Amino acid sequence: MARTRDADACPGALQVHRAADGALARIRLPGGMLTAAQLAALAHVASAYGSSTLELTARGNVQVRGITDVAAAAEAIAHAGLLPSETHERVRNIVASPLSGRAGGKLDVRPWMAELDAAICAEQGLTELGGRFWFSFDDGRADVSGLCADVGVHAFPDGCALLLTGRDTGVRLAAGEVVETLVAIANRFATTRGTAWRIKELDDIEDLLPGVELGAARFPAVTRPPVGWINQDDGRVALGAAVPLGVLSARVAEYLAAIEAPLVITPWRSVLVCDLDEAVADVALRVLAPLGLVFDENSPWLNVSACTGSPGCAHSVADVRADAAAALDGDAGVHRHFVGCDRACGSPLTGEVLLATGDGYRQLR
């Protein structure tokens, strides 16, 4: 079912959301990738103009809340190279296998991310996509295809499968066809979407690919990030750090940036610090773990998430983050997501969604 709202209210770095705790900016990071200098810049924005925290999102992006000077924050974000197009900044929604090209996977999808980002920014018509439409690149390990992006590719031995809403279309693409095909479908959607913001909201999805039947099966949804010491294929090391409830303090972000290594924000609200020599990785692990980052794959923090909740969201009836932290259970066999209202923002595709009622919680799913 299509949305009835015609205007796209999804926030960006320029068009911010006026939340209960002030202006909120969302910075798109295609593939979740950013440099140490860019993370340091975002930490500065959060400290100088915001709430001194960075929020990691379920699409591998970053939010800054409580901004007091929107223009100054946007200028700093642009100066860091995180705002390549003012007209397209909210539609650069690209997720990818976070460890692609470094550890495992059938191919390295990173070159596609840069190519697709440039192609999106070059297409004037794609400003009509809206901030909710997103793309995915899965390198064959099936970590992001289950997130059900609007359009994406999944690497198989016989080629790259074209996906719509996380389902295989049966179409196989050569490497050189991938970006062109994704942009073509996005353009088709932008010109025919009506009031729909997502492909799943269309009355007939197959209008985008005439004659193609979507497979019934979806890829399994992954809810846990890669954490701990990760040996890269080139002999170097990546450190996977879960961020409790996706809230990263500006101070800890500065420590991460000080390592001066490539970083990836994952769709599971975690951070990868990549391309480290073993000695550097060992020191970094010893410094970062006491700061609250989680490197233990058995930590109960990996089983819980939450929306913003009170006091940041006016719709919420509870401080769901505090309640989620108080309800940690190391033996929980299912992921639990705490939400403050029935909009259930940030809910993963699997697990329990617990809705605040004002005097407790009830299962929404």
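Note that the numbering runs from 1 along the sequence shown for the chain. Quick caveat, the model's predicted, so the values are computed rather than measured.
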Specify the closest pair of heavy atoms between [X] and [Y], including all atoms of both residues, with the distance to one decimal.
X      : Y      : result
Ala74  : Leu83  : O-CD2, 4.3 Å
Val179 : Leu116 : CG1-CA, 3.9 Å
Asp323 : Ala318 : OD2-CB, 4.0 Å
Ser305 : Arg269 : CB-NH1, 4.3 Å
Ala238 : Leu99  : CB-CD2, 4.4 Å
Ala96  : Val109 : CB-CG2, 4.0 Å

Less than 4.5 Å apart, side chain to side chain, heavy atoms only: is that true for [X] and [Y]?
X      : Y      : result
Leu354 : Arg336 : yes
Leu239 : Leu272 : no
Gln363 : Leu355 : no
Glu177 : Glu180 : no
Val62  : Thr57  : no
Leu263 : Met33  : no
Val287 : Leu285 : no
Asn231 : Val237 : yes

- Query: Passes side chain to side chain contact (heavy atoms under 4.5 Å, CB included), Leu42 versus Ile27? Steps please.
  - Reply: CA-CA 9 Å; Leu42 291 179; Ile27 301 95; 4.1 Å; yes
Distance in Å, [X] [atom1] paired with [Y] [atom2], rounded so as to fall on 0.5 Å steps:
X      : Y      : atom1 : atom2 : result
Asn93  : Leu129 : CG    : CG    : 9.0 Å
Ser97  : Arg110 : OG    : CZ    : 11.5 Å
Thr169 : Leu162 : OG1   : CG    : 4.0 Å
Gln232 : Ile230 : CD    : CD1   : 8.5 Å
Ser270 : Leu302 : OG    : CG    : 8.0 Å
Thr192 : Leu208 : OG1   : CG    : 5.5 Å

Look at the side chain of [X] and the backbone N and O of [Y], then say whether any donor-acceptor pair between them is shorter than 3.5 Å.
X      : Y      : answer
Arg92  : Ala118 : no
Asp296 : Asn298 : yes
Arg218 : Gly146 : no
Thr308 : Cys313 : no
Thr266 : Pro225 : no
His337 : Cys345 : yes
Thr191 : Arg188 : yes
Thr357 : Gly360 : yes
Asp139 : Gly101 : no
Asn61  : Ala58  : no

- Task: Name all residues meeting the side-chain hydrogen bond (donor to acceptor under 3.5 Å, both in side chains) criterion together with Ser145; count only those two or more places apart in sequence or in a different chain, and write none if there are none.
- Result: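 If we apply the side-chain hydrogen bond (donor to acceptor under 3.5 Å, both in side chains) test to Ser145, skipping adjacent residues, the hits are Asp138, His154.
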Kindly work out whether a path of hydrophobic side-chain contacts (I/L/V/M/F/W/Y, heavy atoms less than 4.5 Å apart) joins [X] to [Y].
X      : Y      : result
Val353 : Leu328 : no
Val151 : Val91  : yes
Val227 : Val304 : yes
Leu173 : Leu164 : yes
Val280 : Leu293 : yes

- Message: Whether the Thr127 and His88 side chains hold a donor-acceptor pair (N or O, under 3.5 Å, no angle test) is what I'd like checked.
- Response: no
- Query: Any side-chain donor-acceptor pair under 3.5 Å between Asn303 and Trp301?
  - Reply: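 Per modelled atom types, Asn303 and Trp301 side chains form no pair under 3.5 Å.
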- Message: Determine whether Glu201 and Arg132 satisfy the following criterion, salt bridge (Lys or Arg N to Asp or Glu O under 4.0 Å), listing intermediate values before the conclusion.
- Response: CA-CA 12 Å; Glu201 297 169 4; Arg132 295 173 180 81; over 6 Å; no
- Item | All ring pair (Phe, Tyr, Trp, His ring centres under 6.0 Å) counterparts of Phe133, not counting sequence neighbours | Phe135, Phe189
- Can you list the residues that meet the ring pair (Phe, Tyr, Trp, His ring centres under 6.0 Å) rule with Phe295, with sequence neighbours excluded? none
- Item | Derivation of the side chain to side chain contact (heavy atoms under 4.5 Å, CB included) call for Ile120 and Ile94 | CA-CA 10 Å; Ile120 290 171; Ile94 306 169; 4.1 Å; yes
- Item | Fellow cluster residues of Leu147, listed by chain then number, with links counted only when side-chain atoms sit under 4.5 Å apart | Val95, Trp134, Val144, Val222, Trp268
- Task: Any chance you could pull the hydrophobic cluster mates of Phe156, using side-chain heavy atoms under 4.5 angstrom and chaining through other members?
- Result: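 Members other than Phe156 - counting any ILVMFWY side chain reachable under 4.5 Å - are Leu163, Phe219.
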Mind jotting down which residue pairs meet the salt bridge (charged side-chain N to carboxylate O under 4.0 Å, His left out) criterion with at least one end in [range]? Sequence neighbours excluded, please.
range            : value
residues 95-104  : Arg102-Asp275
residues 155-168 : Asp158-Arg172, Asp168-Arg172
residues 283-294 : Asp282-Arg286
residues 351-361 : none

- Message: Considering only residues two or more places apart or on different chains, which pairs with a residue in residues 96-126 satisfy ring-ring contact (aromatic ring centres under 6.0 Å, His included)?
- Response: Trp112-Phe137
Side-chain donor-acceptor distances from residues 9-21 under 3.5 Å, at least two apart:
from: Gln15; atom 1: NE2; to: Asp8; atom 2: O; distance (Å): 3.0
from: Asp21; atom 1: OD1; to: Arg65; atom 2: NH2; distance (Å): 3.1
from: Asp21; atom 1: OD2; to: Arg65; atom 2: NE; distance (Å): 2.8

Enumerate donor-acceptor pairs with a distance under 3.5 Å from any side-chain N or O in residues 241-262 to protein atoms, sequence neighbours excluded.
from: Ser249; atom 1: OG; to: Val252; atom 2: N; distance (Å): 3.1

